Amino acid sequence: MSRLQILIAEFQKITPFSIRFKDESWIMKLLNVFVVWYNPDFMTRYTTILGNSIYLPKRRYTYQEEESLMRILTHEMVHLLDQKRYSKPIFMLGYVFPQIMALGVFSFPFLGFWSLAFLLFLLPLPAPFRGYFESRAYAIDVLTAHPETRVATLRYAAKDLCSWNYYRIHPDEELMRDSIAYWIEYAEAGKDPVLTKVLLTYEMVQEMYES
């Protein structure tokens with residue numbers, strides 16, 4: 001078995017999940033209609049979880065660089081375990097808050113034109129819960145990166161989270177760096193059960209393969 005296969009098997013022991021592909025999924029193609037205007041790379045560069053499924057861009061993606069895919073799956077495993085801890089509804093609602101509040105516009109029959117005020121939630125307002133979930137996952141990205149690239153990985157992660165790719169989670173990159181750094185410290189100290197379990201599993205597989 002390859003390292004990737006071993007990692008997937010070990011992660012499956014923690015929580016069951018399936019690996020699917022965006023270009024083969026009508027759900028992802030439909031979702032892309034709503035996000036392509038602010039994240040044109042949604043279908044080609046980003047991995048997404050929905051329920052217990054991890055959606056990779058394409059099937060051939062699984063045959064590309066093994067180390068990169070291992071780190072991607074480790075990132076997504078943090079999301080899966082956070083989703084399991086908080087429940088799927090709370091995780092999903094938290095992830096799309098506050099923009100999800102724009103759906104209040106459908107209260108028009110009851111509130112009249114006042115309901116149009118809900119459209120203000122479509123603005124790139126700070127998303128605290130999305131920032132929380134992504135900071136935790138990106139902390140693992142930094143910890144699984146080569147030691148010489150960890151500083152650059154941290155900077156890239158903070159910049160990406162503040163970009164339109166994540167609907168501008170927060171306007172302050174420094175704050176996002178601090179948030180990721182906070183979870184890095186927690187993971188290294190073994191203070192967070194999810195981060196610690198994911199990181200130790202990744203490191204265990206790496207050690208098994210090297211030995």
Side-chain angles (χ1 to χ4, degrees), residues 1-89 91-96 130 133-146 149 152-153 156-157 159-161 163-167 169 194-195 197-210:
M1 293 178 68
S2 68
R3 281 185 300 172
L4 176 59
Q5 292 172 323
I6 295 173
L7 183 67
I8 292 175
E10 291 299 323
F11 279 158
Q12 290 282 7
K13 294 177 184 178
I14 298 174
T15 187
F17 63 92
S18 60
I19 296 177
R20 300 184 180 183
F21 307 94
K22 288 187 174 183
D23 64 335
E24 301 174 8
S25 168
W26 68 267
I27 295 178
M28 288 294 114
K29 292 176 182 177
L30 178 61
L31 183 58
N32 186 53
V33 172
F34 297 97
V35 305
V36 67
W37 67 273
Y38 68 84
N39 186 353
D41 297 321
F42 174 77
M43 292 290 287
T44 57
R45 288 186 54 235
Y46 285 84
T47 305
T48 304
I49 69 164
L50 186 61
N52 291 331
S53 296
I54 299 176
Y55 286 87
L56 299 173
K58 294 182 179 182
R59 187 175 294 274
R60 68 180 183 182
Y61 196 82
T62 58
Y63 302 104
Q64 294 177 0
E65 187 178 348
E66 183 179 63
E67 181 65 29
S68 175
L69 186 51
M70 288 178 64
R71 294 181 61 226
I72 288 171
L73 292 179
T74 304
H75 173 113
E76 300 302 337
M77 181 56 56
V78 175
H79 288 322
L80 286 174
L81 293 180
D82 277 345
Q83 175 181 260
K84 185 177 181 179
R85 177 167 62 172
Y86 292 105
S87 80
K88 292 177 184 178
F91 178 88
M92 294 180 68
L93 287 175
Y95 197 90
V96 295
R130 187 157 70 251
F133 291 130
E134 289 296 346
S135 292
R136 290 167 56 77
Y138 269 108
I140 292 298
D141 279 24
V142 176
L143 289 170
T144 57
H146 190 280
T149 66
T153 301
Y156 170 82
K159 183 177 181 180
D160 199 32
L161 292 180
S163 73
W164 280 104
N165 293 329
Y166 284 94
Y167 212 76
I169 285 178
V194 167
L195 298 180
K197 182 180 294 185
V198 170
L199 181 61
L200 289 179
T201 301
Y202 176 87
E203 292 176 342
M204 177 190 70
V205 171
Q206 293 285 40
E207 292 174 0
M208 286 172 57
Y209 191 84
E210 292 173 359

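For clarity, every value in this text was computed on a predicted model and none was experimentally measured.
Note: Leu7 CG to Ser2 OG = 9.5 Å, rounded to the nearest 0.5 Å. For the atom pair Ile14 CD1 and Met77 CE, the distance stands at 6.0 Å (nearest 0.5 Å). A distance of 11.0 Å separates CZ of Arg71 from NE2 of His146, quoted to the nearest 0.5 Å. Rounded to the nearest 0.5 angstrom, Leu199 CG and Met204 CE are separated by 11.5 Å. A distance of 15.0 Å separates OG1 of Thr47 from CZ of Arg20, quoted to the nearest 0.5 Å. Here OG of Ser68 is found 10.5 Å from CG of Leu4. Values are rounded to the nearest 0.5 Å.
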### Message
Assess the residue pair Asp41 and Tyr46 against the criterion (side-chain hydrogen bond (donor to acceptor under 3.5 Å, both in side chains)); give the C-alpha distance rounded to whole Å, side-chain angles, the decisive distance to 0.1 Å, and a yes or no.
### Response
CA-CA 7 Å; Asp41 297 321; Tyr46 285 84; 6.0 Å; no
#### Entry: side-chain hydrogen bond (donor to acceptor under 3.5 Å, both in side chains) between Thr74 and Thr144, worked out
CA-CA 9 Å; Thr74 304; Thr144 57; over 6 Å; no
### Query
Can you check side-chain hydrogen bond (donor to acceptor under 3.5 Å, both in side chains) on Tyr138 and Asp160, steps first, answer last?
CA-CA 10 Å; Tyr138 269 108; Asp160 199 32; 3.2 Å; yes
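A donor-acceptor pair is defined here as one N or O able to donate and one able to accept, closer than 3.5 Å; such a pair exists between the side chain of Gln83 and the backbone of Gly51.
Taking the six-membered ring for Trp and the full ring otherwise, Phe133 and His79 have centroids separated by 6.0 Å or more.
Judged by the 6.0 Å and 45° rule, Lys22 forms a cation-pi pair with Phe42.
Using a 3.5 Å distance cut-off with no hydrogens or angles, the side chains of Glu134 and Tyr95 do pair a donor with an acceptor. Side-chain contact of Tyr167 with Asn39: a donor-acceptor pair under 3.5 Å is absent, judged by distance alone.
In this structure, the side chains of His75 and Ile140 stay at 4.5 Å or more apart for every pair of heavy atoms. Between Leu81 and Leu195 the shortest side-chain heavy-atom distance does not fall below 4.5 Å. A 4.5 Å side-chain heavy-atom check between Gln206 and Met70 finds at least one atom pair inside the cut-off.
By the 30° and 60° cut-offs, the orientation of the rings of Trp164 relative to Trp37 is tilted.
Considering Val205, Thr201, Ile6, Ile54 as possible partners of Phe11, the one that fulfils the side-chain contact (heavy atoms from CB on, under 4.5 Å) test is Thr201.
Legend: side chain to side chain donor-acceptor pair (under 3.5 Å) pairs involving residues 24-36, not counting sequence neighbours, sorted by first then second residue: Glu24-Arg59.
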